[in-house]
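Everything numeric in this text was worked out from a predicted model, so none of it was measured. Convention: sequence-line order gives letters A, B, ...; per-chain numbering from 1.
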Amino acid sequence: MAEEPTQAEGLESGLAEQMAVRREHLESLARTGQDPFGSRFDRNATAASIQADFGHLPPDGEGGLVRVAGRISSRRGHGKATFMDLVDLSGRIQLYLKIDEVGEDSYRRLDLVDLGDLLTVTGTVFRTRRGELSVRVREWAVAAKALRPPPEKWHGLRDVEVRYRQRYADLLSNAEVRQTFVLRSRILSAIRQYLDHQGFMEVETPTMSALAGGAAARPFITHHNALDMKLYLRIATELYLKRCIVGGLEKVYEIGRIFRNEGISTRHNPEFTMLELYEAWSDYHGMMEITEGILDHVCTHVLGTHQVEVEGQTIDLKPPFARRTMDELLRQHAGVGLNELRQGDRARELARELGIPLADKAHSLAHLIDKIFEATCEEHLVQPTFVLDYPIELSPLAKRQAEDPSLTYRFELFVRGSELANAFSELNDPFDQRERFEQQQALKDVDEEAHPLDEDFLTALEYGMPPTGGLGIGIDRLIMLLTGKTTIRDVLLFPLMRPRVEGPGATGPGQI
RNA sequence: GCGCCAUUAGCUCAGUUGGCAGAGCAGCUGACUCUUAAUCAGCGGGUCCCAGGUUCGAGUCCUGGAUGGCGCACCA
């Protein structure tokens, strides 16, 4: 071991110096016979369980023996006594180590512990003079040595780029980030629990296929070597799930990853998670009930409240939600109904009047109506609102209304001006479906996202699909709403980032 | 794809009019047996994102680039 800091060390940069110190500590630890990367440790307590089990311990009381493990986040040495904070997923617990109690050798070895190290600890629970529940350590060991210093202990890791690129550093230094992902997991469990109780079965359909249908979006393209064929990553699960309904599975759902080759924004990641469910013998009214049921269940069993706060707005998720037709909303906020928009160039004119920026490509009527709705109505839909009766041009897979063939039995659920769910009574008439596909083919020149014609899906419909309700919920946006986040990247563990170019100045992964 | 903004120590951030690169945390040395953003004394640590340019002199001004954030477009 170096007696004094060498010249070389003195010249090293901050990080290299700190890593060198940690490496020396690791080696010294190994020399004392301790494995700096230990093995299994059977815990009988967590930070939170200690609070729960010994919360009523009197000031002079001494609780039972606990075995806890976690990361050292803070340390306050006092010569022959030391306090440390140990953090696990459940929370934080203070450790108290005194030279008289752990023994001199063990206490000296504490010099080899650095912030960020993972420790296993055995000791009794007591209350400090200041009243804080703590563990009086009898034995301790380094279970894994941290060779890199953790981010700043008080502010945590703030640099958003590093947070997303090195999420592990974000997670280990920001407890609230850990809690967001715990909550996401619980919400997904609750959704599955609710649907399973309603008699739905979870299925898995192909992520790759020769045709990307079920939505209007540009797909990712990949290639299968053995078959030497082009494959698309799915943009929706819809068409496969409906094949399941044809096959008699009656009530199916899939919570799956969807891939869309589109731009990236605070609300868009190239891959995202979508819940789609289909119920035979139901319709879009049934889907409204299920949508309300899912949200009610999650609010009740996960959040414990129906009020969520996002950017200072309070959203009330207590069902039933408002129900408004698209035509009604357009008349109210744009001053023009659907029928009028369909006439001549009215939609295009209005879009221009509203100053809607239109891309260079030509726009289908459906697209223009959608844009006008977006520009005039969406901002008013803050509290949960089902928007009903979408025009047929926007909905090539939805059932046509018997009373008005220009409309479909479809709704979208809006919250805070953005779409959270989309559902319709599924089109089960193979003749109508073929016509709609053909109309989409005609749009191909103006709309590159027009729906492809799926012959096998038509074949399935020809075997007979029962009247069916179908529903899609964007899970990431739901999680954003329920966790109060305004960026999709805050609810995705590993959002897509452009790779760092290697070279001088590059701060790629592993170079924090 | 377009516009605006950001990038300074391991981390969180200051940096004036263009004039020697700063603080807190973390690290190192020492003191301290109930602290909790522990405290006290001392020390080290910089490709100021990269490449050019202007200037006696650039973290600071100009041009180009990289990455990111926000907004727009596309979309869910």
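On the C1' atoms, B/rU47 is 12 Å away from B/rG59, given to the nearest whole Å. Comparing B/rU54 with B/rG15, their C1' atoms sit 22 Å apart, to the nearest whole Å. Across the C1' atoms, B/rC74 and B/rG10 are found 40 Å apart, a figure rounded to whole Å. Comparing the P positions of B/rG45 and B/rG22 gives an interatomic distance of 12 Å, to the nearest angstrom. Straight-line distance between the P atoms of B/rU55 and B/rU67: roughly 32 Å, to the nearest whole Å. Separation of the C1' atoms belonging to B/rA37 and B/rA26 is 12 Å when rounded to the nearest angstrom. Spacing of C1' atoms, B/rU8 relative to B/rA21, comes out at 9 Å, to the nearest Å. Of the P atoms belonging to B/rU60 and B/rU17, the separation is 15 Å, rounded to the nearest Å.
Rounded to an integer number of Å, the gap from CG of A/L147 to C1' of B/rG10 is 14 Å. Computed from coordinates, the A/R498 CZ to B/rU7 P distance equals 20 Å when rounded to whole Å. Atoms CD (A/Q166) and P (B/rG68) sit 14 Å apart, rounded to a whole Å. Protein atom CZ of A/R163 is 19 Å distant from nucleotide atom P of B/rU7, rounded to whole Å. Taking atom CG on A/L95 and atom C1' on B/rU33, their separation rounds to 16 Å, with Å as the unit. Distance CD (A/E161) to P (B/rC70): 12 Å, rounded to an integer number of Å. Distance NE2 (A/H367) to P (B/rA73): 10 Å, rounded to an integer number of Å. Rounded to a whole Å, the CG atom of A/L496 is 14 Å from the C1' atom of B/rU67.
Across all strands shown, A/G474 has no heavy atoms under 4.0 Å from either base or sugar-phosphate atoms. A/N269 comes within 4.0 angstrom of a nucleotide base, judged by non-hydrogen atoms across all strands.
In this structure, the side chain of A/E152 engages the main chain of A/W154 through a donor-acceptor pair within 3.5 Å. Here the side chain of A/T266 pairs no donor or acceptor atom with the backbone of A/T487 at under 3.5 angstrom. At least one donor-acceptor pair closer than 3.5 Å links the side chain of A/T180 to the backbone N or O of A/E176. Although no hydrogens or angles enter the test, the distance criterion places no donor-acceptor pair under 3.5 Å between the side chain of A/S265 and the main chain of A/G263.
For A/Q18 and B/rA26, a side-chain-to-base donor-acceptor distance below 3.5 Å is present, hydrogens and geometry of angles not being considered.
Residues that satisfy the side chain to side chain contact (heavy atoms under 4.5 Å, CB included) test with A/E139, not counting sequence neighbours, are A/T122. Every residue was checked against the side chain to side chain contact (heavy atoms under 4.5 Å, CB included) condition with A/A52, not counting sequence neighbours, and none meets it. Residues passing the side chain to side chain contact (heavy atoms under 4.5 Å, CB included) test with A/P391, sequence neighbours excluded: A/M326, A/L338, A/R342, A/I369, A/E393, A/L394. Every residue two or more places apart in sequence or in another chain that forms a salt bridge (Lys or Arg N to Asp or Glu O under 4.0 Å) with A/R234 is listed here: A/E254.
RNA chain B is contacted by no residue of residues 376-396 of chain A, taking any non-hydrogen atom closer than 4.0 Å. Contacts between residues 96-109 of chain A and RNA chain B, counted as heavy-atom distances below 4.0 Å, involve A/Y96, A/K98, A/I99, A/D100.
A/V125 pairs in a side-chain contact (heavy atoms from CB on, under 4.5 Å) with only one of the listed residues (A/L57, A/L65, A/D53, A/I93), which is A/L57.
Note on residues 409-423 of chain A: pairs passing salt bridge (Lys or Arg N to Asp or Glu O under 4.0 Å), not counting sequence neighbours, are A/E311-A/R416, A/R410-A/E412.
Between A/R267 and B/rA76 there is no side-chain polar atom (N or O) within less than 4.0 angstrom of OP1 or OP2. Using a 4.0 Å cut-off, some side-chain N or O of A/R165 falls inside it from OP1 or OP2 of B/rG68. One finds a side-chain N or O of A/T266 lying less than 4.0 angstrom from the OP1 or OP2 phosphate oxygen of B/rG71. Look at A/K80 and you won't find any side-chain N or O under 4.0 angstrom from OP1 or OP2 of B/rA31.
For A/D111 and A/T487, each mapped to the nucleotide of RNA chain B holding its nearest heavy atom, the one lying further toward the 5' end belongs to A/D111.
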**Prompt:** salt bridge (charged side-chain N to carboxylate O under 4.0 Å, His left out) between A/E374 and A/K371: does it pass, once the steps are laid out?
**Reply:** CA-CA 5 Å; A/E374 201 181 301; A/K371 282 275 138 199; 3.7 Å; yes
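Taking only side-chain atoms of A/E262, from C-beta outward, the nucleotide of B/rA76, B/rC28, B/rC74 with the closest atom is B/rC74. For A/F126, counting side-chain heavy atoms from C-beta on, the closest listed nucleotide (B/rC34, B/rA26, B/rU33) is B/rC34. The side chain of A/V21 approaches B/rC28 more closely than any other nucleotide in the set B/rC28, B/rG68, B/rG10. Looking at the side chain of A/A81, the nearest of the listed nucleotides B/rU33, B/rU67, B/rC74 is B/rU33.
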**Strand RNA chain B as a dot-bracket string - pairs counted if Watson-Crick or G-U with both distances under 3.5 Å, | where the partner lies in another strand** = (((((((..((((.....[..)))).(((((.......))))).....(((((..]....))))))))))))....
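Ring to ring, A/Y284 and A/Y390 are not that close: their centroids are 6.0 angstrom or more apart. Taking the six-membered ring for Trp, A/F386 and A/F411 have ring centres closer than 6.0 Å.
In A/E353, the CD atom is crowded: over 12 heavy atoms of neighbouring residues, nucleotides or ligands sit closer than 6.0 Å.
A side-chain donor from one of A/D490 and A/Y164 sits under 3.5 Å from a side-chain acceptor of the other. In the model, A/E238 has no side-chain atom that pairs as donor or acceptor with a side-chain atom of A/Y240 under 3.5 Å.
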List, with names and distances, any nitrogen or oxygen atoms from the protein found under 3.5 Å away from nitrogen or oxygen atoms belonging to nucleotides 1-6 of chain B.
none

**Prompt:** In B/S/- notation, 5' to 3', how is nucleotides 35-41 of chain B contacted by protein heavy atoms closer than 4.0 Å?
**Reply:** BBBB---
Which pairs of donor and acceptor atoms, one on a side chain in residues 94-101 of chain A, lie under 3.5 Å apart (sequence neighbours left out)?
| residue | atom | partner | partner atom | Å |
| --- | --- | --- | --- | --- |
| A/Q94 | OE1 | A/R76 | NH2 | 2.8 |
| A/Q94 | NE2 | A/S134 | OG | 3.0 |
| A/E101 | OE2 | A/R136 | NH1 | 3.0 |

Table please: side-chain donor-acceptor pairs of residues 111-119 of chain A below 3.5 Å, with sequence neighbours left out.
| residue | atom | partner | partner atom | Å |
| --- | --- | --- | --- | --- |
| A/D114 | OD1 | A/H25 | ND1 | 3.1 |
| A/D114 | OD2 | A/H25 | ND1 | 2.8 |
| A/D114 | OD2 | A/K145 | NZ | 2.8 |
| A/D117 | OD1 | A/K145 | NZ | 3.3 |
| A/D117 | OD1 | A/A146 | N | 2.9 |
| A/D117 | OD2 | A/D114 | N | 2.9 |
| A/D117 | OD2 | A/K145 | NZ | 2.4 |

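Between A/L471 and A/E276 there is no side-chain heavy-atom pair separated by less than 4.5 Å.
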